[in-house]
Peer 1: 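My questions will all concern the structure given below.
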2 protein chains.
Amino acid sequence: MTDQVSEQTTNRLSLYLRFLNELEANGVRTVSSKVLAAEFDLNAALIRKDLSHFGDLGVRGVGYVVADLRLRLRQILGLDRRLNVAIIGAGNLGFALADYPGFRQDGFRVVALFDSLPDKVGTRSRGGILIHDIRDLKRVAKREGITIAVVAVPSGSAQIVVNTVVDAGIKALLNFSPGSLRVPRDVKLKSVDVTVSLESLSFFLAKG
Amino acid sequence: MTDQVSEQTTNRLSLYLRFLNELEANGVRTVSSKVLAAEFDLNAALIRKDLSHFGDLGVRGVGYVVADLRLRLRQILGLDRRLNVAIIGAGNLGFALADYPGFRQDGFRVVALFDSLPDKVGTRSRGGILIHDIRDLKRVAKREGITIAVVAVPSGSAQIVVNTVVDAGIKALLNFSPGSLRVPRDVKLKSVDVTVSLESLSFFLAKG
DNA sequence: TTTTGTGAAACGCTTCACAGCT
DNA sequence: AGCTGTGAAGCGTTTCACAAAA
């Protein structure tokens, strides 16, 4: 078990977990790979393969016990502990993310905002998150136990900000700035590129 | 040419285009697949394959003429015309996206916000985008020539909103709400799931 | 009988390697 | 000589199909 798990598999584990949360809330006891497959428009064998990476989680003839699988997935995804998140960039997007209620549910806690503008430093988001000076990132990250940084700054300063984050010892980054960014191999960078997504939609429209 | 182009290829075309914009601004005349490959940490053959789907865009012994390739990519991606975008959900994220300056650059124009809350309808975003009643979506979409909708509403109302968007005749959707959504086969739905991204980072941290 | 777990087959994407053009 | 365009090989992911378990 736990050989090498692909990114696509881990992304799907997240989706399964979300659905299991719903099922448990609705009092559903067990669920089969077939039901999961229907929910996500996937092949049932794929779901069984995804889960089989982590041991024999199911029961033949029955399916998966919702409560057990849910707990196990939370463990696998590392959600069975607090994850403290910093948001870099106190612009519109940074504020929106800082106050996004979806995070709290899943064990993520936004504990600090960072910006370089003196006017912003010391003030708070609507939700009450304090804005720190980006120069204090390393110190605050240590003190607050920040393990994930969300980068929401203009593309011009993205690489410098990423370097600062890496230097602060943070190993996991979610980036919203457009453009190519470099990180050391032991650091994980995930990027959300809204322009790329929109242009992909435009391509779809253009080709009929 | 133009057989079946994968999503991954179209996503990369977007990246190439962004870099070509930079190169042209810097007065660079030609670029090779090798240079593009270095910029994006890809294999040069992959870049040539991506581009070869659309005809013989390069010159042997020389590379690609920056200005020509840039124009051709804009055409291929359908960016050689105005693309009018509606944002559904006038919350923090909706506002942030509505006023995001990156869109305007690429030919995307956010022409309307929509919400269901009477207090919001009739007011404007900081950037001046008018908030319409979601019930007027079909009418406004027709009038304004909206071809892309960005869905930024709470997950509970996402499917209903998506149905409304589809009913308004919009064929391309970018969704920011978590959860599975259904659209007809002739409609393209792209989803950005921030929770899935964060959980994927958490998995990375958890496994060391 | 139902449903999992899993080798083997199928598929799709990426890389290799080189012919062909400038 | 340099670089593209591309068939073939390589590789990773998904699907098939079935033995094994409840």
Side-chain angles (χ1 to χ4, degrees), chain A residues 1-16 19-20 23 28-73 76 180 196 200 203, chain B residues 1-16 19-20 23 28-73 76 180 196 200 203:
Chain A
M1 111 181 205
T2 308
D3 22 355
Q4 206 49 348
V5 180
S6 77
E7 186 96 22
Q8 297 164 89
T9 293
T10 63
N11 287 347
R12 285 191 298 264
L13 294 180
S14 259
L15 300 178
Y16 305 158
F19 186 52
L20 288 165
L23 290 178
V28 178
R29 278 278 178 53
T30 64
V31 66
S32 68
S33 59
K34 198 174 154 188
V35 168
L36 286 163
E39 171 70 14
F40 299 109
D41 243 318
L42 298 172
N43 185 294
L46 177 60
I47 288 168
R48 294 199 297 274
K49 270 260 156 78
D50 281 346
L51 297 175
S52 73
H53 284 112
F54 307 96
D56 290 10
L57 272 40
V59 185
R60 285 160 203 249
V62 175
Y64 300 88
V65 175
V66 169
D68 294 355
L69 184 57
R70 178 180 167 277
L71 243 57
R72 195 73 185 80
L73 281 182
I76 290 164
S180 327
V196 168
S200 165
F203 175 80
Chain B
M1 113 182 206
T2 309
D3 21 355
Q4 208 48 348
V5 180
S6 77
E7 186 95 21
Q8 297 164 87
T9 293
T10 64
N11 287 348
R12 285 191 299 265
L13 294 179
S14 260
L15 300 178
Y16 304 158
F19 187 51
L20 287 165
L23 290 178
V28 178
R29 279 277 178 56
T30 65
V31 66
S32 67
S33 60
K34 199 173 154 188
V35 168
L36 286 162
E39 170 70 14
F40 299 109
D41 244 315
L42 298 172
N43 184 292
L46 178 60
I47 288 168
R48 296 200 295 277
K49 270 261 156 78
D50 282 346
L51 297 175
S52 73
H53 283 111
F54 307 97
D56 290 10
L57 273 40
V59 184
R60 284 160 205 252
V62 175
Y64 299 88
V65 176
V66 170
D68 294 355
L69 184 57
R70 178 179 167 279
L71 243 55
R72 194 76 184 79
L73 281 181
I76 290 164
S180 325
V196 168
S200 165
F203 176 80

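Here is how names work: the chains are called A, B, and so on, in the same order as the sequence lines, proteins then strands, and each is numbered from 1. Fair warning: this is a prediction, and the values are worked out from it, not measured in the lab.
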Peer 1: Taking the nucleotide of DNA chain D with the nearest heavy atom to each, does A:V62 or B:A44 sit closer to the 5' end?
Peer 2: B:A44

Peer 1: With a 4.0 Å limit, can you tell me whether A:R12 has a side-chain N or O closer than that to the phosphate oxygens OP1/OP2 of D:dT13?
Peer 2: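 For D:dT13, OP1/OP2 do not have a side-chain N/O of A:R12 under 4.0 Å.
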
Peer 1: Ignoring hydrogens and angles, does a donor from either the side chain of B:R60 or the base of D:dT4 sit under 3.5 Å from an acceptor on the other?
Peer 2: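 Indeed there is one.
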
Peer 1: Would you mind reading off the distance between B:L46 atom CG and C:dT14 atom C1', rounded to a whole angstrom?
Peer 2: 6 Å

Peer 1: Over all strands shown, is A:T9 touching base, sugar-phosphate only, or nothing at heavy-atom distances under 4.0 angstrom?
Peer 2: nothing

Peer 1: Would you say B:Y64 places a side-chain N or O within less than 4.0 Å of OP1 or OP2 belonging to D:dG5?
Peer 2: yes

Peer 1: Between B:Q8 and C:dG12, does any side-chain N or O lie under 4.0 Å from OP1 or OP2?
Peer 2: no

Peer 1: Assign B:L57 to base, sugar-phosphate, or nothing according to its heavy-atom contacts below 4.0 angstrom with the strands shown.
Peer 2: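 Sugar-phosphate, backbone atoms only, no base.
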
Peer 1: Looking at the base of D:dT13, is there any donor atom on it, or on the side chain of A:K49, that sits under 3.5 Å from an acceptor on the other one?
Peer 2: no

Peer 1: Please state whether the phosphate of C:dG12, meaning OP1 or OP2, lies under 4.0 angstrom from any side-chain nitrogen or oxygen of B:Q4.
Peer 2: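 For C:dG12, OP1/OP2 do not have a side-chain N/O of B:Q4 under 4.0 Å.
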
Peer 1: Can you tell me which residue among A:L23, A:V62, A:V65 is in a side-chain contact (heavy atoms from CB on, under 4.5 Å) with A:V31?
Peer 2: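 Exactly one pass, corresponding to A:L23.
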
Peer 1: Take atom CG of A:N43 and atom C1' of C:dT6, then tell me their distance rounded to the nearest Å.
Peer 2: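 Those two atoms, CG and C1', are 13 Å apart.
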
Peer 1: Whole angstrom is fine here: how far is it from CZ in B:F54 over to C1' in D:dT4?
Peer 2: 17 Å

Peer 1: In whole angstrom, what separates B:L36's CG from D:dG5's C1'?
Peer 2: 15 Å

Peer 1: Find the distance B:L51:CG to D:dT6:C1' and express it as a whole number of Å.
Peer 2: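 The answer, rounded to whole Å, is 14 Å.
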
Peer 1: Using whole Å, report how far CG of A:L69 lies from C1' of C:dT3.
Peer 2: 15 Å

Peer 1: Angle between ring planes, A:F19 versus A:F40, binned at 30° and 60°: parallel, tilted or perpendicular?
Peer 2: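 Answer is perpendicular, since the angle exceeds 60°.
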
Peer 1: Is there a side-chain polar atom (N or O) of A:S33 under 4.0 Å from OP1 or OP2 of C:dT3?
Peer 2: no

Peer 1: Find out whether A:F54 and A:L13 are in side-chain contact, i.e. whether some heavy atom of one side chain is under 4.5 Å from a heavy atom of the other.
Peer 2: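 They are in contact (side-chain heavy atoms under 4.5 Å apart), so the answer is yes.
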
Peer 1: So if I apply the side-chain hydrogen bond (donor to acceptor under 3.5 Å, both in side chains) rule between B:D50 and each of B:N11, B:T10, B:T9, which one comes out positive?
Peer 2: B:T9

Peer 1: What is the separation between atom CG on A:D50 and atom C1' on D:dT15, rounded to the nearest whole Å?
Peer 2: 13 Å

Peer 1: Please check the phosphate of C:dG5 (OP1 and OP2 only) for any side-chain N or O of A:R48 closer than 4.0 Å.
Peer 2: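 Negative; the distance criterion is not met.
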
Peer 1: Could you walk me through whether B:H53 and B:I76 pass side-chain contact (heavy atoms from CB on, under 4.5 Å), step by step?
Peer 2: CA-CA 10 Å; B:H53 283 111; B:I76 290 164; over 6 Å; no

Peer 1: Determine, step by step, whether B:Y16 and B:L73 satisfy the side-chain contact (heavy atoms from CB on, under 4.5 Å) criterion, reporting the C-alpha distance in whole Å, the side-chain angles of both residues, the deciding distance to 0.1 Å, and the verdict.
Peer 2: CA-CA 8 Å; B:Y16 304 158; B:L73 281 181; 4.0 Å; yes

Peer 1: Tell me if the side-chain of A:K34 makes a donor-acceptor pair with the base of C:dT3, cut-off 3.5 Å, by modelled atom types.
Peer 2: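 By the distance-only test, no, there is no pair.
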
Peer 1: For the pair made of CG in B:D56 and P in C:dG20, what is the distance, rounded to whole Å?
Peer 2: 14 Å

Peer 1: So, is B:S32 near the phosphate of D:dC3, with a side-chain N or O under 4.0 Å from OP1 or OP2?
Peer 2: no

